[in-house]
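Structure first, then comments.
Counting convention: from 1, in listed order, for ligands and their atoms alike. In this chain, residues are counted from 1 in sequence order.
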Amino acid sequence: MTLSRHILEGQRRHPGAEGELSVLLTQLAFAAKLFAHELQRAALSGRLGLSGDTNVQGEATKKLDIFGNQTIIDAFAHTELVGGIVSEEEDEPREMACGDRASYLLCVDPLDGSSNSDVNGAVGTIFGIYKRSGGHAHARTGTLPGSGREQVAAGYVLYGPSTVFVYTTGDGVNGFTLDRDIGEFMLTYPAMQCPAEGRYYAINLTAAAEWAPAVRTYVRSLSGPGGRARGYTQRYSGALVADVHRTLLEGGTYFYPADRKHPDGKLRLLYECAPLAFVVEQAGGRATTGDMNILDVPIMDIHQRVPLAIGSRGEIDRFDQLTHVKETTR
Ligand code: FBP
């Protein structure tokens, strides 16, 4: 089962679908193959290191951030599929020439885990797709989707020892591994289900002193002797995509709470948290800010940040119980 066949079979289950979303997803997979190829040979082609620029977040960008961003933009430039691209590397939504004729808005983090890119560590690409409705130009008019609930598709690509493409269109989650010999993504993770429990937790402990006391208490319950006795162990890869992929396969959690340096959390709602929340929720897991479901957070700004707790339903429920009143589950 190839990815393109899986996408087409998914389309057939939506009578009235015109096939544009299928082509969009297939084009994303094509961009992922190009990026995977370049990542593999970046040290040979001189594409490691800093680009010399900074992005709207004030972060020094890597040459691979720029390459990844341009690869996505070029992949859609002549497709008339997306009216706009919201990217971590673009200050404003990138308006595509086809503008109003296009049906979708693409939100993307081209290179997730950029601190890993020069040390041959795992990195990823994250994407969330919204339908533009009633001539709403979204990107053109600056009108943004209401919340992550409006995503029609989302997913990520993990560039690790193998390249994996994981996506959902609201009908479960499936993962595909790139067979480099034939250049095809093949179904290797059908109907992914996030285990309800899991003993891995991913968090950067450096800012612990700056977290809300309840968050500190919760994390201490995992990291202290009690946590060890209950089998908890820490795994923090430096790439959100890699930590979420492990969590989908083996259970566990990933946290990036608010701290003094990131009072609203570090991670961006539109192209990091909302797409992964859609995927994880479709696989039976949960994603919360600590106060509300990530998918219900009103979208106010394209680079808006939120605190994130994501992963196994049982673990996130425990996080809720320990940090405050349990969120009404949907
Ligand atoms: P980028 O998209 O800029 O890489 O930022 C996201 C991220 O790198 C996540 O992948 C990762 O989990 C986290 O930030 C690491 O942040 P920190 O270095 O503060 O722990």
Side-chain angles (χ1 to χ4, degrees), residues 32 35 39 42 47-51 53-72 85-91 106-128 154-160 164 166 200-211 215-216 219 223 234-248 252-277 279-280 287 289 294 302-311:
F35 200 22
L39 282 166
R47 268 222 177 93
L48 295 182
L50 293 172
S51 68
D53 294 335
T54 55
N55 63 19
V56 65
Q57 342 263 341
E59 296 159 345
T61 53
K62 298 281 179 75
K63 292 179 188 167
L64 287 167
D65 280 315
I66 308 300
F67 179 84
N69 189 53
Q70 200 53 49
T71 300
I72 301 265
I85 297 180
V86 168
S87 165
E88 181 179 331
E89 304 312 328
E90 302 277 337
D91 300 4
L106 171 63
C107 303
V108 64
D109 177 0
L111 181 68
D112 170 61
S114 43
S115 63
N116 281 354
S117 62
D118 292 354
V119 294
N120 203 18
V123 291
T125 294
I126 309 172
F127 60 89
Y156 60 82
V157 187
L158 172 60
Y159 310 98
V164 176
V166 173
Y200 291 125
Y201 64 98
I203 189 164
N204 182 339
L205 292 171
T206 318
E210 300 166 15
W211 298 334
V215 174
R216 246 197 329 273
V219 175
S223 53
Q234 197 196 13
R235 290 280 183 282
Y236 191 65
S237 73
L240 169 64
V241 164
D243 291 321
V244 166
H245 188 66
R246 182 193 56 251
T247 299
L248 277 176
T253 48
Y254 170 103
F255 300 97
Y256 209 111
D259 57 38
R260 216 171 292 131
K261 189 173 162 204
H262 312 101
D264 301 321
K266 175 189 180 181
L267 302 170
R268 283 54 57 123
L269 177 62
L270 218 50
Y271 44 79
E272 290 173 322
C273 302
L276 295 176
V279 170
V280 168
T289 64
I294 290 281
I302 62 168
H303 299 297
Q304 174 181 346
R305 299 172 190 259
V306 286
L308 179 67
I310 189 168

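- For the pair F35/V123, no side-chain contact is recorded, criterion being any heavy-atom separation below 4.5 Å from C-beta on.
- Taking the six-membered ring where the residue is Trp, H303 and Y271 present perpendicular rings, their angle passing 60° and hence far from 30°.
- Sequence neighbours left out, the pairs with a member in residues 111-127 that pass salt bridge (Lys or Arg N to Asp or Glu O under 4.0 Å) are K62-D118.
- Considering only heavy atoms from C-beta on, D109 stays 4.5 Å or farther from V241 through its side chain.
- Annotation: side chain of W211 is in contact with side chain of L205 (closest heavy-atom distance under 4.5 Å).
- For ligand 1, residues of the protein lying within 4.0 angstrom by heavy-atom distance are E59, E88, D109, L111, D112, G113, S114, N204, Y236, G238, A239, L240, Y254, Y256, K266, L267, R268, E272.
- Counting only heavy atoms from C-beta outward, the side chains of C273 and I310 never approach each other to under 4.5 Å.
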